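Structure first, then comments.
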Amino acid sequence: MNYENDTIAAIATAPGEAGIAVVRISGNKSLSIADKFLASNKKPSQCKRPALLHGHFRFEDEEIDEVLVLVMPKPKSYTKEDIVEIQCHGGYLVSQRILRCLLAAGARMANPGEFTARAFLNGRLDLVQAEAVADLIHAQTERATKSAVEQLKGDLSQKLDLVYANIMDIISDLESGLDFSEEEAPPVPSVYIRNRMTVIQKEIEELISTHDEGTLLREGARVVISGKPNVGKSTLLNKLLDSERAIVSEIPGTTRDTIEERIVLDGFPIILTDTAGLRDTECQIEAEGIRRTMYQIDRANLHIYIIDASIGVTAEDKTFLEKQDPARSILVRNKVDLGTNKTSEIVKLDCIDAILVDKQGLTEIKDMLKAKLEMHLNVRDEPHSTISERHYKALTIVRCELKEADRLVREIVDGYEVLAVEHLRTAAETIGEILGKNYHQDLLDSVFSKFCIGK
Amino acid sequence: MKKYQIIVIGGGHAGVEAALASARLGADTALITIGRDKIGRMSCNPSVGGLAKSHIVSEVDALGGEIGMNADHTGIHYRTLNTRKGPAVQATRIQCDKNAYPVRLQSLINATERLTVIDSLVTKLSIKRDKANGVILEDGSEINADAVILAAGTFLGGRIYIGQWHQDAGRIEDRSALELSRNLKDLGFRMARLKTGTPPRIHKDSLDYDKMEIQHGNVPPPLFSRQAKNKWDMFHVEQKAAGFPSRSAMFHVEHCGGIGVMPFLDEQLPCYLTHTTEQTHAIIRENLEQSALYGGMIGGTGVRYCPSIEDKIVKFPDRASHHVFIEPEGWDNCRIYPNGTSNSLPEEIQKEMIQSIPGMEHAEFMRPGYAIEYDFCDPVQLKHTLETKKVENLYFAGQVNGTTGYEEAAGQGFVAGVNAVMKLRGDDPFILGREEAYIGVLIDDLVTKGTEEPYRMFTSRAEFRLTLRQDNAPFRLLDKARRLGLVGVDVLDELKGIQVNVESEIDRLQKTFHAGASLAKMLRRPGIGYADLPDRNSSLSEEEMQLVETAVKYAGYIRREHDRIESVSTLDKQLLPKEIDYYDVPSLRRESREKLTRVQPENLGQAARISGVNPSDIAIISVYIKRLKGNKD
């Protein structure tokens with residue numbers, strides 16, 4: 001990543017038609033560049049404090065748009081540099097023309113995440129907070145937004161800081177036993193160290209446990225629809241999407257490959273996957289489809305299994321369903337209008353009767369999905385920050401190092417202190433890495449590459 | 001007036017190493033001291049080594065310095081510390097004969113070619129165009145040199161305190177270097193005050209040893225230097241065979257520079273252990289306002305980890321008792337050093353306090369304890385070579401840089417002496433990395449972080465502690481020692497031989513399997529030692545077996561440290577140009593600007609280690625220097 005100090009510009013709002021668009025410019029020259037184009041009572045460079053200006057954006061003699069201009073002189077801005085935000089009318093063309101003017105006047109097109117990178121580099125945000133900004137932008141639901149806001153406020157940073165401090169505390173107790181002879185300083189009783197090790201490990205486990213939830217919020221829950229051929233899987237997908245996304249036909253095995261679609265269900269982002277029907281087949285393409293289905297079921301958060309009510313649960317269905325986790329599975333008996341076969345009662349899964357072509361039972365399916373997702377999400381808790389994939393990887397290292405240190409302080413073989421400190425030190429450094437306390441160029445690059453342009 | 005290549009100011013533990021290294025490397029050297037009979041004195045405790053400090057001694061020894069040899073040859077009590085805490089933190093401590101220790105060094109210095117001792121007090125540095133040019137003595141005469149090493153210890157503005165009484169002195173009964181201190185400030189060096197102290201000295205016949213716990217030295221004695229070890233092995237055998245009385249056996253043996261010096265002892269003197277009582281604490285509490293330390297007389301910062309007894313009572317009010325170590329100062333020395341009772345109370349109160357300690361009821365004072373306050377130079381004004389950034393060819397070493405301890409002083413003295421010569425020769429600077437030696441950690445900490453209190457070495461300061469052990473010091477520094485040429489080729493070859501044996505044995509252990517597991521894997525199991533292995537190499541020496549065992553047991557951890565070293569070294573390789581002005585670097589935080597400007601780090605790694613400089617600052621600087629380079633091309 002390039003940490004230049006020049007002036008950068010980008011369109012900060014999403015592409016497409018909208019009421020307004022915002023073009024943002026940050027850096028030492030942003031005020032003077034804005035001056036050149038803005039016809040208003042007061043020039044941006046005359047603003048010593050944050051100000052809202054009204055005026056016309058002109059290029060040479062041509063008026064491009066009537067604009068509102070937000071001037072934020074440094075250091076009281078997002079990047080801690082001079083920032084000018086130009087609000088113009090929405091639509092691709094106007095904002096593009098404004099951006100082009102700014103670039104021609106000496107600004108450089110911002111890289112993805114560069115505004116936030118500057119906020120981080122200038123000490124406005126720590127690394128975890130910077131990531132929260134990315135999450136906030138990508139947040140598709142209110143719940144995810146709240147979680148990201150908590151993280152941005154420093155909730156996760158504080159928790160990690162606390163664990164970091166606790167680890168350092170144990171290290172210093174162990175070190176004092178190494179740095180001084182027993183005659184100089186009495187050693188800290190090992191039971192005291194062991195108890196604190198237990199507390200820290202619990203704290204780490206709690207943070208790690210938010211990972212699943214974090215993934216659900218950031219990426220959406222994976223819900224897979226499966227069942228034998230021609231039971232109505234694609235129909236359910238289409239009805240949930242409210243569109244004819246998947247081809248539906250009377251011919252069994254119409255869906256050969258998995259189809260993925262995103263929906264938001266009362267604030268829960270969901271990745272819905274329709275799969276090829278499960279049956280023994282000679283057809284190679286279909287067999288591959290079935291293999292993929294099994295893979296999708298394995299990695300799904302929730303699994304909807306559909307059967308034809310008139311046929312009931314076959315022996316094949318039964319063997320398959322017995323392997324499924326009831327907390328993560330829903331059985332849908334479709335086509336109840338064609339008659340019901342009582343055999344499905346032998347399966348201990350939550351069960352819904354439906355006639356999917358008529359949308360009958362659809363509401364019940366949605367409610368059941370929500371109920372099961374809520375179980376995963378601790379929604380009744382206060383909004384709290386959740387850890388991302390990067391944090392998860394780091395924290396699993398921390399967990400592993402702490403476990404090893406814990407073993408050493410419990411076994412107490414000669415010379416254990418030095419080795420326990422080695423593990424604790426790595427654990428502390430890894431937490432430092434999450435917080436961006438350690439210098440690591442690759443880390444910074446990978447964190448900031450997640451941003452879209454304009455943030 | 002004669003001109004020297006190098007002048008060393010001060011004949012303490014830093015000055016001696018600097019002068020010897022310089023002269024031995026071929027430079028015409030003058031050692032200026034307040035008295036040639038005071039060279040190499042142990043002004044405070046009578047021991048060399050101890051936790052972490054002994055690592056430094058072993059490193060100085062491995063590179064060809066004198067402190068380890070001198071302690072080995074003048075010891076009266078040898079001990080290995082931390083035996084249960086693993087080889088990384090194990091340490092050697094030698095109680096020395098306080099008379100013999102300096103005498104041996106003095107004879108050595110007299111016998112060293114190109115080394116002249118001058119008795120005088122330096123009042124000023126002579127500087128020409130920001131370059132060291134020599135010194136001015138108190139009689140007004142000037143001695144010129146190409147480089148000057150300042151190793152003045154506690155003598156710069158030194159002032160001692162006993163209760164309300166005080167006097168300008170660098171050590172009790174010795175003059176303070178007041179003018180030189182003023183001169184350094186005038187030259188623009190940032191200086192501040194530190195303080196330390198020393199306990200009273202007691203007559204050995206006035207103590208009741210039956211009331212104390214006896215502590216014997218270890219046999220065979222743990223030694224620092226290989227030469228001494230070899231000699232001990234050899235003569236220990238001979239003397240047994242010949243039925244020599246043990247104390248005189250080694251008397252004629254050591255001929256450093258042709259001079260037979262001190263007995264090298266097979267017999268050791270014991271130390272004793274006693275403790276303070278409630279009464280001791282009460283006496284101190286009642287008289288605190290009379291202590292120079294607590295009466296508000298001393299403003300300097302004291303040693304947190306080697307505190308005065310007043311400090312211990314005030315800071316740890318819950319403890320009913322503190323240890324007092326009774327350390328003899330030598331064979332033919334009637335003085336006892338009661339370690340742990342350093343204080344600055346009035347003499348009569350010191351007596352009362354000491355006599356409240358079991359076994360010391362009739363203690364007879366030879367000299368009271370006292371506190372000393374002195375000037376030190378903020379060491380961030382130095383490069384890693386210990387040359388000052390301000391004045392070329394001027395070096396600072398030892399307590400003037402804010403450290404405490406003979407060992408820390410010796411390490412710096414050696415590095416300063418070597419570098420002064422290297423620079424005059426036009427050779428590459430001699431710098432030890434943090435991953436190479438405790439000396440490297442010591443100097444990097446000083447020049448990067450400075451110090452707020454007297455700096456004492458701890459193993460926890462070394463982030464590569466499992467690699468930097470005392471047992472492997474001569475091996476990890478073997479290449480450096482060979483290049484310096486201060487260690488005999490025979491010793492280096494012997495070390496090389498051991499290293500080869502150890503490495504090939506480790507290799508064999510990895511490749512030899514027994515009951516499904518490699519021997520190396522078996523050795524890694526807790527509680528298993530080399531001697532427990534089913535298939536051993538019987539030609540290995542005791543030392544080699546120990547080295548193999550440690551290397552195998554720590555292998556996983558050492559690999560981890562190695563990975564860390566690699567990632568750190570990429571930053572260390574990015575040099576920061578001298579002309580960089582941190583106020584020109586955009587976006588740096590003010591705190592970082594100030595700190596970077598103060599320290600002027602030599603590379604990006606050092607910049608990253610400055611406390612308060614964070615990763616984003618490093619990222620900004622890294623881009624800035626790339627752009628600087630780009631502009632030049």
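We name chains A, B, ... by the order of the sequence lines, and we start the count at 1 in each one. Note: hydrogens, waters and symmetry copies are ignored here, and every other heavy atom, side chains too, is used. Only a predicted model underlies this, so the values are computations on that prediction, with no experimental measurement involved.
Between B:Arg564 and A:Glu422, at least one side-chain N (NZ, or NE/NH1/NH2) sits under 4.0 Å from a carboxylate O, which counts as a salt bridge.
Note that OG1 of B:Thr83 and CG of A:Asp414 are 8.0 Å apart. Values are rounded to the nearest 0.5 Å. Taking CD of A:Glu175 as the reference point, atom CZ of B:Arg461 lies at 11.0 Å (rounded to 0.5 Å). The CG atom of A:Leu419 sits 5.5 Å away from atom OH of B:Tyr554, with the distance rounded to the nearest 0.5 Å. The distance from the CZ atom of B:Arg560 to the NE2 atom of A:His423 is 5.0 Å, given to the nearest 0.5 Å.
Around CZ of A:Arg194, the count of heavy atoms belonging to other residues, nucleotides or ligands within 6.0 Å exceeds 12. Within 6.0 Å of the CZ atom in A:Arg407, the count of heavy atoms belonging to other residues, nucleotides or ligands exceeds 12. Crowding of B:Tyr583 atom OH: a count of heavy atoms from other residues, nucleotides or ligands under 6.0 Å exceeding 12.
In terms of heavy-atom proximity, A:Leu178 sits nearest to B:Asn82 at O-ND2, 3.3 Å. Between A:Val418 and B:Arg465, the closest heavy-atom pair is CG1-NE, 3.9 Å.
Contacts between B:Glu463 and chain A at a heavy-atom distance below 4.5 Å involve backbone atoms as well as side-chain atoms. Residue B:Ala52 does not touch chain A at all, counting heavy-atom pairs closer than 4.5 Å.
Side-chain contact check for A:Glu417 versus B:Val89: every heavy-atom pair is 4.5 Å or farther apart.
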